[in-house]
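A note on names: the letters A, B, ... follow the listed sequences, proteins ahead of strands, and every chain is numbered from 1.
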Protein chains: 4
Amino acid sequence: MHLKIDTSGGVPIYLQIVDQIKRAAAAGRLKPEDPLPSVRQLALDLTINPNTVARAYLELEHQGIIYKRQGQGTYVCTQAPGAARRERHKMVAGLLEKAIAEAAALGMTASEIHSIYDQLMHRYHLEAV
Amino acid sequence: MHLKIDTSGGVPIYLQIVDQIKRAAAAGRLKPEDPLPSVRQLALDLTINPNTVARAYLELEHQGIIYKRQGQGTYVCTQAPGAARRERHKMVAGLLEKAIAEAAALGMTASEIHSIYDQLMHRYHLEAV
Amino acid sequence: MHLKIDTSGGVPIYLQIVDQIKRAAAAGRLKPEDPLPSVRQLALDLTINPNTVARAYLELEHQGIIYKRQGQGTYVCTQAPGAARRERHKMVAGLLEKAIAEAAALGMTASEIHSIYDQLMHRYHLEAV
Amino acid sequence: MHLKIDTSGGVPIYLQIVDQIKRAAAAGRLKPEDPLPSVRQLALDLTINPNTVARAYLELEHQGIIYKRQGQGTYVCTQAPGAARRERHKMVAGLLEKAIAEAAALGMTASEIHSIYDQLMHRYHLEAV
DNA sequence: GTGGTCTAGACCACT
DNA sequence: GTGGTCTAGACCACT
């Protein structure tokens, strides 16, 4: 579990934590029942206030990603098998739709979009085999 | 010029105005030297606070999209030929990159991404000819 | 809107606020689109910290009871007609079930329970007509 | 003596133990001078921390339900005849009052409450003869 | 050790 | 004016 906080971008710290932990769960780097660092420990690691970590954990609990065992610690929720995969799909589909809807609204042609898409896939080493 | 404001989604109203006017300019629906509605008029139309419209116009001015003529009104900036097109490209490329970077970070394969992409292109009637 | 906070009972202040506002909505004393007092104002009224009020409002927002309009204030959510009534039913049924399940577990007879029930209904002026 | 611990509901483990032992005494499943399992044994059975069992026993001692004999073990207190019955009555009356007070505060009518009550009595097989 | 609640007070974003 | 975020630090409950 390695989190990166960027205080310059205006994105709330607690949301950065939420996003990165959700992503780790979706990517499978965090598995069901894995323990998370304690509120205090993560606060020390990131040199932020424990309240801010607690806020992030509270949000993740509301979203059903993690749960707390009294006096013991915080753990990743057990999820139905395939949940991480579906979550991953949903995240990416949501972002892709934003991009394509925007392109459509701006009147771009399919081939213009394709060319941007191919370039980016190449840059991220995602060429088809 | 028809703007839609959604107060439910948590996106600042002034940003919704900024985005939609930028998009209109990038799409060519707003051309150089076209007049924009007055701050008061747009505030009345959208039933929002004039301060909010003023803030959006200020932001658009900072971004070089519009300019004010003393005592006359607000107009779309003259842009180098092709500027709208480049702007359009930049917007879509930015969004697409977000989606693809996320997919890469989540360890998705090229073919998984392709399948989502194709589905969405189809839904937005952007099939290749 | 008149809230009573009891700091002696060990019940978190923010939860007391949550409960009382939920109850007011279920009882119909708070109707859809009614404005709530501002975070600062309620904090002053109850002489508690604004953060504590904010915490209560956040929880109510998570539960879909209230929503915020940016820069304007906090309002009661529009609910399907009859929602308040159903909510009321659910609250009371939940509490009654706890009582009756406990009585059953303790091996009490129906007539013992009836006698307690009748006495209490009488005390709360809820006699049948 | 068979105790069930639910770590998911947020109810402190030590309170679950206290409640279940009080209930067993009120129901007559635990009689005066019956021995309780040792702290260590119960902790092993429930796979919880011995401190937690100790805390529950301490609480039960404070409430006059159990007592310790030096070096021998823990036992259920001798109670005045009828004490279990009165305790049972008090528990159920307390819970029923919560439910009925809430219903009254929410403006429910006697017949609404009756209908919920009858349904629940039926579900717990407590119909009048 | 773990997390939860609360205060005091600062600074920011939005309308 | 409105709510949102964050720090610093205290005290509490649970295991």
Side-chain angles (χ1 to χ4, degrees), chain A residues 5 7 10-18 35-43 46-59 61 66-75, chain B residues 5 7 10-18 43 46-56 58-59, chain C residues 5 7 10-18 35-43 46-59 61 66-75, chain D residues 5 7 10-18 43 46-56 58-59:
Chain A
I5 298 303
T7 50
V11 184
I13 296 175
Y14 86 95
L15 274 187
Q16 296 184 44
I17 298 174
V18 167
L36 291 170
S38 80
V39 169
R40 282 165 173 81
Q41 189 55 52
L42 187 52
L46 303 175
T47 54
I48 59 176
N49 193 288
N51 281 334
T52 303
V53 177
R55 177 94 147 87
Y57 279 15
L58 184 66
E59 182 64 29
E61 202 179 7
I66 67 177
Y67 71 96
K68 313 213 170 102
R69 280 192 219 136
Q70 304 168 344
Q72 296 191 232
T74 304
Y75 301 84
Chain B
I5 299 302
T7 52
V11 184
I13 297 176
Y14 87 98
L15 271 187
Q16 296 185 43
I17 298 174
V18 166
L46 303 175
T47 54
I48 59 177
N49 195 304
N51 285 337
T52 306
V53 178
R55 178 155 185 196
L58 188 64
E59 180 65 26
Chain C
I5 298 303
T7 50
V11 184
I13 297 176
Y14 88 95
L15 273 187
Q16 296 185 43
I17 298 175
V18 167
L36 290 171
S38 80
V39 169
R40 280 164 174 80
Q41 188 56 51
L42 187 51
L46 302 176
T47 53
I48 58 175
N49 192 288
N51 281 335
T52 304
V53 177
R55 176 96 146 86
Y57 279 15
L58 185 67
E59 182 63 28
E61 202 180 5
I66 67 178
Y67 70 98
K68 313 218 172 97
R69 280 192 219 135
Q70 302 168 343
Q72 294 191 233
T74 304
Y75 301 85
Chain D
I5 298 303
T7 52
V11 184
I13 296 176
Y14 87 98
L15 271 187
Q16 296 184 43
I17 297 174
V18 167
L46 302 175
T47 54
I48 60 177
N49 194 305
N51 285 336
T52 305
V53 178
R55 178 155 184 194
L58 188 65
E59 180 65 25

Problem set entry | Letter per nucleotide, 5' to 3', of nucleotides 10-15 of chain F [B base touched, S only sugar-phosphate touched, - untouched; heavy atoms, 4.0 Å] | ----BB

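Of the side-chain N and O atoms in Lys68(A), none sit less than 4.0 angstrom from OP1 or OP2 of dT2(E).
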Exercise. Where each pair must be Watson-Crick or G-U wobble with both distances under 3.5 Å, what dot-bracket representation of DNA chain E is obtained, with crossing pairs in [ ] and other-strand partners as |?
Worked result: ||||||||||||||.

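In this entry the distance linking CG of Leu42(C) with P of dT7(E) reads 12 Å, nearest Å. Nucleotide dT2(F) holds its C1' atom 13 Å from the CD atom of Glu61(C), rounded to whole Å. Rounding to whole angstrom units, CD1 of residue Ile66(A) and P of dT2(E) are separated by 15 Å. Spacing between atom CD of Gln16(A) and atom C1' of dC6(F) amounts to 13 Å, rounded to whole angstrom units. The CG atom of Leu58(C) sits 14 Å away from the C1' atom of dT5(E) (whole-angstrom rounding).
Residues that satisfy the side-chain contact (heavy atoms from CB on, under 4.5 Å) test with Gln16(C), not counting sequence neighbours, are Ile5(C), Asp6(C), Val11(C), Gln20(C). With sequence neighbours excluded, the residues satisfying side-chain contact (heavy atoms from CB on, under 4.5 Å) with Thr74(C) are Leu36(C), Tyr57(C), Ile66(C), Lys68(C). Partners of Arg69(C) under the side-chain contact (heavy atoms from CB on, under 4.5 Å) rule, at least two apart in sequence or in another chain, are Glu33(C), Tyr67(C), Gln72(C), Tyr75(C). Contacts of Glu59(D) classified as side chain to side chain donor-acceptor pair (under 3.5 Å), with partners at least two apart in sequence or in another chain: Gln63(D).
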Run the side-chain donor-acceptor check on residues 47-56 of chain A: report pairs under 3.5 Å with partners two or more places apart or on a different chain.
residue: Asn49(A); atom: OD1; partner: Asn51(A); partner atom: N; Å: 2.8

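In this structure, Pro50(A) and Ser38(C) both approach DNA chain F, and ranking their closest nucleotides by distance from the 5' end singles out Ser38(C).
In this structure, Ile17(A) and Leu46(A) have side chains that are in contact, with non-hydrogen atoms separated by less than 4.5 Å.
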